[in-house]
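All chains are named by letter (A, B, ...) in the order of the sequence lines, taking the proteins before the strands, and each is independently numbered beginning at 1.
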There are 2 protein chains.
Amino acid sequence: MLKNDNILLSFGETIHKYRGIAGLSQESLAEKAGLDRTYISSVERGQRNVSLLNICKLANALQLPPSELLVNVGRSA
Amino acid sequence: MLKNDNILLSFGETIHKYRGIAGLSQESLAEKAGLDRTYISSVERGQRNVSLLNICKLANALQLPPSELLVNVGRSA
DNA sequence: TTGTGACTGTTAGTCCGTC
DNA sequence: TGACGGACTAACAGTCACA
């Protein structure tokens with residue numbers, strides 16, 4: 001589905017944006033979040049359907065409330 | 001991890017709350033979201049680590065922005 | 001109307017690399 | 001520093017019968 005891709009892409013862009021603001025590399029974000037370097041890469045490219053727990057891990061690593069990572073995500077699915 | 005359970009539980013409570021406000025049964029919410037009734041049940045009980053796409057499906061069915069479903073979710077993971 | 005355990009196919013997520 | 005691929009294991013999606 002196209003809409004699904006938009007959701008994942010939008011989420012990936014949000015991660016990319018906040019990671020830039022935090023001045024972190026994909027690798028250091030991965031380390032902070034307890035995730036894999038290649039996983040962060042694929043999330044930012046909208047290739048992964050991230051789970052709630054990992055959304056929270058990422059929010060935590062970026063020092064943001066989890067809901068902040070979804071504000072730019074559309075309602076459609 | 002205990003914190004993880006708290007996140008899932010908190011998310012489940014949020015779904016339960018908004019479903020009540022919308023006056024929907026688990027079954028009718030399931031139908032609106034294109035998901036299974038028993039899946040909704042397990043989500044509300046915090047037994048499922050829901051994915052981003054399904055969070056959006058639920059938000060859509062409840063006519064809420066996806067971020068609204070995460071406002072009560074803690075930052076920890 | 002909802003809770004629950006169990007099940008299978010698919011994908012999340014890791015680890016090894018290369019470019 | 002990040003994109004991208006292959007191979008692998010753990011976990012989720014989705015569904016069922018039964019309570």
### Query
Transitively linked via ILVMFWY side-chain contacts under 4.5 Å: B:Leu53 with B:Ile55?
yes

On the nucleotide [N], are OP1 or OP2 found under 4.0 Å from the side-chain N or O atoms that [X] carries?
{"X": "A:Arg48", "N": "C:dG13", "value": "no"}
{"X": "A:Asn54", "N": "C:dA12", "value": "no"}
{"X": "B:Asn49", "N": "D:dA10", "value": "no"}

Could you tell me whether the side chain of B:Leu35 reaches within less than 4.5 Å of the side chain of B:Val43, counting heavy atoms only? no

What's the [atom1]-[atom2] distance between [X] and [N], to the nearest Å?
{"X": "B:Leu53", "N": "C:dT11", "atom1": "CG", "atom2": "P", "value": "11 Å"}
{"X": "A:Gln47", "N": "C:dT11", "atom1": "CD", "atom2": "P", "value": "14 Å"}
{"X": "A:Lys57", "N": "C:dA12", "atom1": "NZ", "atom2": "P", "value": "15 Å"}

Notebook entry, point to check: Do A:Thr38 and A:Ser41 have side-chain atoms, one donor and one acceptor, less than 3.5 Å apart?
Noted result: no

- request: Would you check if there is a donor-acceptor pair between the side chains of A:Ser51 and B:Asn49 at a distance under 3.5 Å?
  value: yes

Test side chain to side chain donor-acceptor pair (under 3.5 Å), reference A:His16, set A:Arg45, A:Glu44, A:Gln26, output is A:Glu44

In this structure, CG of B:Leu52 is separated from CG of A:Leu8 (nearest 0.5 Å) by 6.0 Å

Rounding to 0.5 Å, atoms CD1 (A:Ile15) and CG (A:Leu64) come to a distance of 8.5 Å

Stems of at least 3 consecutive Watson-Crick or G-U wobble pairs (donor-acceptor distances under 3.5 Å) involving DNA chain D, listed by first number, are C:2-19 with D:2-19

Task: A:Ser42 (side chain) donor-acceptor with A:Arg48 (main chain) under 3.5 angstrom - done: no

Test your reading of the model: is there a side-chain donor-acceptor pair from B:Arg19 to the backbone of B:Leu24, 3.5 Å cut-off? yes

Per the under-4.0 Å heavy-atom filter, residues of residues 8-22 of chain A near DNA chain D come out as A:Arg19

Contact check, residues 23-42 of chain A vs DNA chain D, heavy-atom distance under 4.0 Å, returns A:Ser25, A:Gln26, A:Arg37, A:Thr38, A:Ser41

